[in-house]
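So that the names make sense, note that chain A is the first sequence line, chain B the second, and so on, each numbered from 1.
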Number of protein chains: 2
Amino acid sequence: MPTIYEVAAAAGVSPATVSRVFNGANVSPEKAEAVRRAAKEMSFTPSRTARTLRLQSSEVIALVIPDIENPFFTALARGVEDVARAAGYSVVLCNTDEDHEKELRYLDIALSATMAGVIIAAAGGNSDLSGLIARKCPVVAVDRSPHGVDVDAVIVDNRAGGRAATQALVEQGFQRIACITGPSDVETATQRADGWRDAVTGNGTTDDRYLRFADFRVDGGATAMSELLALPEPPDAVFVANNLMSVGALRVLSEQGKLPPATGVAVFGDLPFLPLVPIPITVVHMPARHLGTTAAKLLLERISGDDQPARTIVLRNQLTPVG
Amino acid sequence: MPTIYEVAAAAGVSPATVSRVFNGANVSPEKAEAVRRAAKEMSFTPSRTARTLRLQSSEVIALVIPDIENPFFTALARGVEDVARAAGYSVVLCNTDEDHEKELRYLDIALSATMAGVIIAAAGGNSDLSGLIARKCPVVAVDRSPHGVDVDAVIVDNRAGGRAATQALVEQGFQRIACITGPSDVETATQRADGWRDAVTGNGTTDDRYLRFADFRVDGGATAMSELLALPEPPDAVFVANNLMSVGALRVLSEQGKLPPATGVAVFGDLPFLPLVPIPITVVHMPARHLGTTAAKLLLERISGDDQPARTIVLRNQLTPVG
DNA sequence: CTTGACGGTGAAATCGATTTCTGACAGGGT
DNA sequence: ACCCTGTCAGAAATCGATTTCACCGTCAAG
């Protein structure tokens, strides 16, 4: 790894001049050319580490997500990346696995590596962003807005989405509509369940025996579905609050020969890789990529010094009717 | 961001002592305690940037993949992450989008940030790893082994997998077996197609009109399938060389009412989120996570100084029969 | 009582880039 | 001829941690 000093020596100038060439300051054409030749010659790349240390900031933003294997979050990541790259920033992806400890570790890294900012889909509700806030590190919450701290957030209207999905089941004539949602300490999970409750109230059984808190994963969805079907009076329809759990739920329904249209199914969030649509289910489409691009834009604004009070942007979901 | 100097001042010791406390060198219990108290008090975190600059290496490894939205690569990423984290390393994910320029940029970053090592699923065959090699930066190739350079690699037997998948179609009695594979400059694509050719030779039409080079993406798979079906004598079966393209291909087959078992379908690689298995297709299961864990282990060995000649590890695929 | 070893500590050099400060020099106006 | 302005370039300080080197006690062996 050649350094700026070696390049300077080779080009017969001072390190300061080399730095100026690479940062677009005023340098005479001849010296600039000499520097560029020497740099190319020895394939010199300025050390980001040294640069970051000196400037106390880097062009890297951290994207902290709870589950890298969920297509929703990878689509979101693509959105973030597109915007960030266009602005000259690199994105590093941090997978927390819904684990607060891992999350905290990554936030620590973001700080101690003086990253430019953080976009976070918090694991659980009570993520500790206090360190970032105290250090004035720009933060944008996405998909889930953490409890208690006031930061920019980009979310969807979970309650309205849950309500609309459930409402669709009501209109299809189902009577006992169950709900499988995520962990009770995750805001998106409870809000979607609230939407379900809104829609079933007065339109069927609101009985909380039909409500299951699972884990936003395939197996959790399957387990919850099995439990529901084992009830004395099993539900005739189910609203599943995320994409992965719907996979599990549908598997169980399939095993028991109760696939739609026998059972009504509405899902919050899409599964991008279904080769065909053999089964009629209602889907609340999530603008995953837009969540990412929007969050990235907000973050870039903050990074460039914008310090207006925190904003919350609510994107719209779209309901795909049964088809 | 408090520095080691401020902690030293608060604890009444020298910065050297603070450093020693945090790195487990010999320090008297009282001073150590004082340092720890002061550090906690002002919630001090050592600057990774400074540390990295001084040590000329960081505990971060870069994982460079061509498509973060492909479940295969995210599963692989999980594997890498599990092993890396257990060894105290952080993983940063770099998505190249099959773009050589982006890839080169990320490799440059890895170098200039003095990362501990790189695991790369190369975009296209002729990725330029020469910079890494010249700088002796540990590299492990995964899934695809780059052309021309001799580095550790963890791969699967693509040709054997392609042959087995196609052979299964032969045994099911299909006559005109087509092949949809990836870009012709990606090794995995051509090898899988070679496997197809092995199996169809003498067992049906080897006509290269039945061979399509697509892009390893959903839409590419769909387009290729449409073209194949539009042939004067369309194929009665198809071997699709990756998971995403199979989604597109099956969509087209569905639209034309030619879903399996009417058409034979065999796929290299799995789609994890199929809620049910309504259609009988043959799947070559890829050990994605194992590819990741194995690659990470190799890399860690290299990082800790192992300099034996490069190795190639070939993992086994498993054929899931029609079901 | 001297010598050597050793644990504990601080001062200062170091990693590689950026930037301020300063000086040299050229050109234009009076 | 003199001053002022402006451009270009180098010396040196700086970012924050690590580590070498030197030094001081203390204690044990001779």
Side-chain angles (χ1 to χ4, degrees), chain A residues 1-36 38-39 42-60 88 108-116 135-137, chain B residues 1-36 38-39 42-60 88 108-116 135-137:
Chain A
M1 290 292 273
T3 75
I4 204 172
Y5 295 93
E6 305 174 43
V7 175
V13 299
S14 78
T17 300
V18 177
S19 171
R20 286 193 262 258
V21 169
F22 276 84
N23 293 291
N26 277 337
V27 174
S28 73
E30 314 88 60
K31 304 222 174 195
E33 181 48 30
V35 167
R36 256 185 276 274
M42 50 217 303
S43 62
F44 161 77
T45 312
S47 155
R48 279 173 197 260
T49 310
R51 180 165 215 277
T52 300
L53 177 60
R54 177 63 230 239
L55 297 184
Q56 293 296 312
S57 87
S58 65
E59 287 97 21
V60 175
D108 241 32
I109 292 183
L111 268 180
S112 71
T114 53
M115 295 193 184
R135 302 308 200 289
K136 299 199 196 315
C137 174
Chain B
M1 291 292 273
T3 74
I4 205 173
Y5 294 94
E6 306 175 43
V7 174
V13 300
S14 78
T17 301
V18 177
S19 171
R20 285 192 263 257
V21 169
F22 276 83
N23 293 292
N26 276 336
V27 174
S28 72
E30 315 87 61
K31 303 220 175 195
E33 181 48 29
V35 167
R36 257 185 276 273
M42 50 218 303
S43 62
F44 161 77
T45 312
S47 154
R48 278 171 198 260
T49 310
R51 179 165 217 275
T52 301
L53 177 60
R54 177 65 229 242
L55 297 184
Q56 292 295 314
S57 87
S58 65
E59 287 98 21
V60 175
D108 242 32
I109 291 182
L111 269 179
S112 71
T114 53
M115 295 192 184
R135 267 36 165 240
K136 300 200 196 315
C137 174

What's [X] touching, base or sugar-phosphate or nothing? Going by heavy atoms closer than 4.0 Å.
| X | value |
| --- | --- |
| B/Arg48 | nothing |
| A/Ser19 | base |
| A/Leu55 | sugar-phosphate |

Next on the checklist: Set out, in order, the CA-CA distance, both residues' side-chain angles and the distance that settles side-chain contact (heavy atoms from CB on, under 4.5 Å) for B/Val13 and B/Val35, then state yes or no.
Outcome noted: CA-CA 8 Å; B/Val13 300; B/Val35 167; 3.8 Å; yes

Item to check | Inter-residue atom distance A/Leu111.CG - B/Met1.CE, 0.5 Å rounding | outcome: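 With rounding to 0.5 Å, CG (A/Leu111) is 5.5 Å from CE (B/Met1).
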
Checklist entry - Could you give the distance from OG (B/Ser28) to CZ (B/Arg20), rounded to the nearest 0.5 Å? => result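 These two atoms lie 11.0 Å from each other.
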
Going by heavy atoms in the side chains, are [X] and [Y] under 4.5 Å from each other?
| X | Y | value |
| --- | --- | --- |
| A/Ser43 | B/Arg135 | yes |
| B/Arg51 | B/Asn23 | yes |
| A/Ile4 | A/Phe44 | yes |
| A/Thr114 | B/Ser47 | no |

Next on the checklist: Restricting to non-hydrogen atoms, name the atom on B/Ser58 and the atom on B/Met115 that form the minimum distance, rounded to 0.1 Å.
Outcome noted: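 In this case the closest contact between B/Ser58 and B/Met115 is OG-CA, 3.6 Å.
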
Next on the checklist: Which heavy atom of B/Thr45 sits nearest to which heavy atom of A/Ser112, and what is that distance?
Outcome noted: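 B/Thr45 and A/Ser112 have their closest heavy atoms at CG2-CB, 3.9 Å.
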
Checklist entry - Does anyone know the first and last nucleotide of DNA chain D in reach of chain B, 5' to 3', at under 4.0 angstrom to a heavy atom? => result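 On DNA chain D, the outermost contacted nucleotides are D/dG16 to D/dT20.
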
Dump every N/O contact between nucleotides 4-8 of chain C and the protein below 3.5 Å, one line per pair.
{"residue": "C/dG8", "atom": "OP2", "partner": "B/Asn26", "partner atom": "ND2", "Å": "3.3"}

Next on the checklist: Please check: side-chain N/O of B/Thr49 versus main-chain N/O of A/Leu53, any donor-acceptor pairing under 3.5 Å?
Outcome noted: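 No, the answer is negative, given that no donor and acceptor are paired below the 3.5 Å cut-off.
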
Item to check | Within residues 2-17 of chain A: residues closer than 4.0 Å to DNA chain D (heavy atoms) | outcome: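 Result for residues 2-17 of chain A: A/Val13, A/Ser14, A/Ala16, A/Thr17, sorted by number.
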
